[in-house]
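Proteins get letters first, then strands, A, B, ... in listed order; numbering begins at 1 in each. Please read these numbers as outputs of a predicted model, since none were measured by experiment.
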Amino acid sequence: MPELPEVETIRRLVERHLVGRRIIGVDLRLPKLMRDSPCPDLSVIAGQTIAAARRQAKVLVLDLSNGWSLLVHFKLSGQLAIERPDGSRDVAGHPVPDPTGPFPHKATHLELRFDDGTIVWYSDIRQFSWLRLMPTGDVEAALTAFGFGPEALDEAVVLWALKAVAPRRRIPIKTVLLDQTVIAGLGNIYADEALFAAGIHPGTPANEVSRPRLAKLARSIPWALEQGLAQGGAKIVNNKARPIDGFPAVHGRQGEPCFTCGTTVEKIRVGARGTYFCPTCQKPRLKKHV
DNA sequence: TGCGTTGTTTCACC
DNA sequence: CGGTGAAACAACGC
């Protein structure tokens with residue numbers, strides 16, 4: 001489930017391996033991925049060079065040399081594979097299908113060939129992701145239209161945003177974290193992990209999270225994202241976590257012992273989302289009624 | 001085979 | 001009118 005760390009990992013790979021390279025072949029086998037795209041025909045990017053790779057929230061923006069840009073939202077299961085002329089391969093995004101397996105495959109919907117022999121495969125088993133091709137000059141307005149809040153990697157700004165919003169809302173604190181207009185970049189995995197690291201029950205009404213807990217949460221959010229970045233993205237395969245050095249600690253670990261206290265990790269629903277937490281480390285602490 | 005899956009939008013309701 | 005929660009939607013695997 002590509003969230004900020006997974007998309008940023010992809011961005012860095014593109015920057016390292018594709019920027020400055022010229023696209024010589026475009027094969028979009030699932031044209032409907034160009035949902036609401038100002039230019040519906042992706043083949044027109046053939047001949048262009050990738051000039052820059054940037055990201056806001058979970059949206060990847062690839063600027064092309066002719067003044068057009070390709071926007072990508074990976075949604076649940078988008079995945080990008082880059083195979084260099086020597087056969088070495090980098091894959092980021094959703095870890096299914098197996099990144100080490102053969103490409104292209106049934107879920108590979110786009111193939112890009114580059115002038116140096118590099119090949120890019122874009123895959124998506126759920127087909128929920130989207131691509132948009134638009135003039136670079138329109139990108140800023142398009143991103144603004146999403147109404148994204150500040151990037152979740154910046155602790156100070158995150159704390160400011162949480163202080164501004166949480167006391168005025170009674171919805172679960174996890175639901176606040178998933179609202180991209182409050183803080184941009186968290187999805188289901190990192191919201192669960194940040195709440196675990198902060199010791200907050202995910203169902204706690206936002207206006208009942210104390211100031212000190214809010215401050216701890218503001219620290220935990222960038223921390224959780226950095227853990228994911230360090231791993232090149234969290235590895236959750238078929239809803240089962242494959243933790244590295246204790247991360248993820250709770251997401252995808254239903255029925256398994258908490259790494260901190262040994263209590264069995266539970267799965268509940270919060271805001272209609274599958275939510276994992278440790279009942280001991282994340283005890284509900286409601287404000288006393290007066 | 002119907003349910004679960006997430007990011008995002010939409011909608012009914014109080 | 002705005003906060004809220006639920007439903008809808010995208011489509012597939014198990």
Side-chain angles (χ1 to χ4, degrees), chain A residues 1-8 10 28-37 40 55-60 71-79 93-98 101 104-110 122-132 142-149 151-152 164-195 202-208 224-225 228 233-242 248 250-255 266-276:
Chain A
M1 294 115 251
E3 304 174 30
L4 187 153
E6 288 74 24
V7 180
E8 176 62 16
I10 292 168
L28 179 60
R29 287 144 44 166
L30 193 65
K32 71 169 183 181
L33 291 185
M34 303 290 286
R35 292 186 181 94
D36 302 316
S37 180
R55 175 194 61 75
Q56 182 173 358
K58 303 170 192 171
V59 179
L60 179 70
L71 274 59
V72 185
H73 197 305
F74 295 84
K75 289 286 187 110
L76 277 75
S77 51
Q79 179 202 77
H94 193 59
V96 178
D98 182 7
H105 49 67
K106 193 173 66 174
T108 304
H109 308 309
L110 169 65
Y122 181 76
S123 305
D124 182 354
I125 57 169
R126 289 281 179 271
Q127 306 182 15
F128 290 172
S129 59
W130 53 253
L131 309 171
R132 281 178 200 166
L143 291 174
T144 300
F146 285 107
F148 293 131
E151 288 279 315
V165 171
R168 300 188 292 108
R169 310 289 294 274
R170 38 200 315 194
I171 58 176
I173 186 66
K174 177 176 175 179
T175 305
V176 172
L177 298 189
L178 292 176
D179 185 344
Q180 304 298 299
T181 69
V182 178
I183 302 166
L186 290 178
N188 211 19
I189 297 171
Y190 294 92
D192 282 354
E193 293 303 311
L195 287 165
T204 311
N207 61 0
E208 296 192 13
L225 294 172
K235 303 292 179 273
I236 308 275
V237 178
N238 293 334
N239 300 317
K240 279 284 179 193
R242 299 188 176 173
V250 286
H251 193 95
R253 296 196 62 246
Q254 177 186 20
E266 288 184 13
K267 182 180 184 184
I268 57 175
R269 298 197 83 77
V270 173
R273 294 291 172 235
T275 298
Y276 304 82

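The side-chain hydrogen bond (donor to acceptor under 3.5 Å, both in side chains) test applied to A:Lys240 returns no partner, not counting sequence neighbours. Remark: A:Asp98 engages A:Thr100 in a side-chain hydrogen bond (donor to acceptor under 3.5 Å, both in side chains) (not counting sequence neighbours). Residues that satisfy the ring-ring contact (aromatic ring centres under 6.0 Å, His included) test with A:His109, not counting sequence neighbours, are absent from this structure. Applying the side-chain contact (heavy atoms from CB on, under 4.5 Å) criterion to A:Ser37, with sequence neighbours excluded, gives A:Met34, A:Arg132, A:Leu133. Residues passing the ring-ring contact (aromatic ring centres under 6.0 Å, His included) test with A:Phe148, sequence neighbours excluded: A:Phe146. Under the rule for a ring-ring contact (aromatic ring centres under 6.0 Å, His included), the partners of A:His251 that lie at least two apart in sequence or sit in another chain are A:Tyr276. For A:Glu8, the salt bridge (Lys or Arg N to Asp or Glu O under 4.0 Å) partners two or more places apart in sequence, or in a different chain, are A:Arg11, A:Arg12, A:Arg55.
First and last contacts of DNA chain B with chain A, using any nucleotide atom under 4.0 Å from a protein heavy atom and ordered 5' to 3', fall at B:dG4 to B:dT8.
Screening residues 169-191 of chain A for salt bridge (charged side-chain N to carboxylate O under 4.0 Å, His left out) gives A:Lys174-A:Asp192 as the qualifying pairs, with residues at least two apart or on separate chains.
Between A:Phe146 and A:Arg269, the residue anchored closer to the 5' end of DNA chain B is A:Arg269, taking for each the nucleotide with the nearest heavy atom.
Applying a 4.0 Å cut-off to non-hydrogen atoms, the residues of residues 174-184 of chain A that approach DNA chain B are A:Gln180, listed by residue number.
When the C1' atom of C:dT4 is taken as reference, atom CZ of A:Arg168 falls 14 Å away, rounded to whole Å.
The closest side-chain heavy-atom distance from A:Leu71 to A:Trp130 is below 4.5 Å.
Other residues, nucleotides and ligands contribute only 12 or fewer heavy atoms inside 6.0 Å of the CZ atom of A:Arg242.
Axis angle across the helix from B:dG2-C:dC14 to B:dC14-C:dG2, with five pairs used at each end and values rounded to 10°: 60°.
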Contact pattern, 5' to 3', of nucleotides 8-14 of chain C - B, S or - by protein heavy atom under 4.0 Å | B-BBBS-
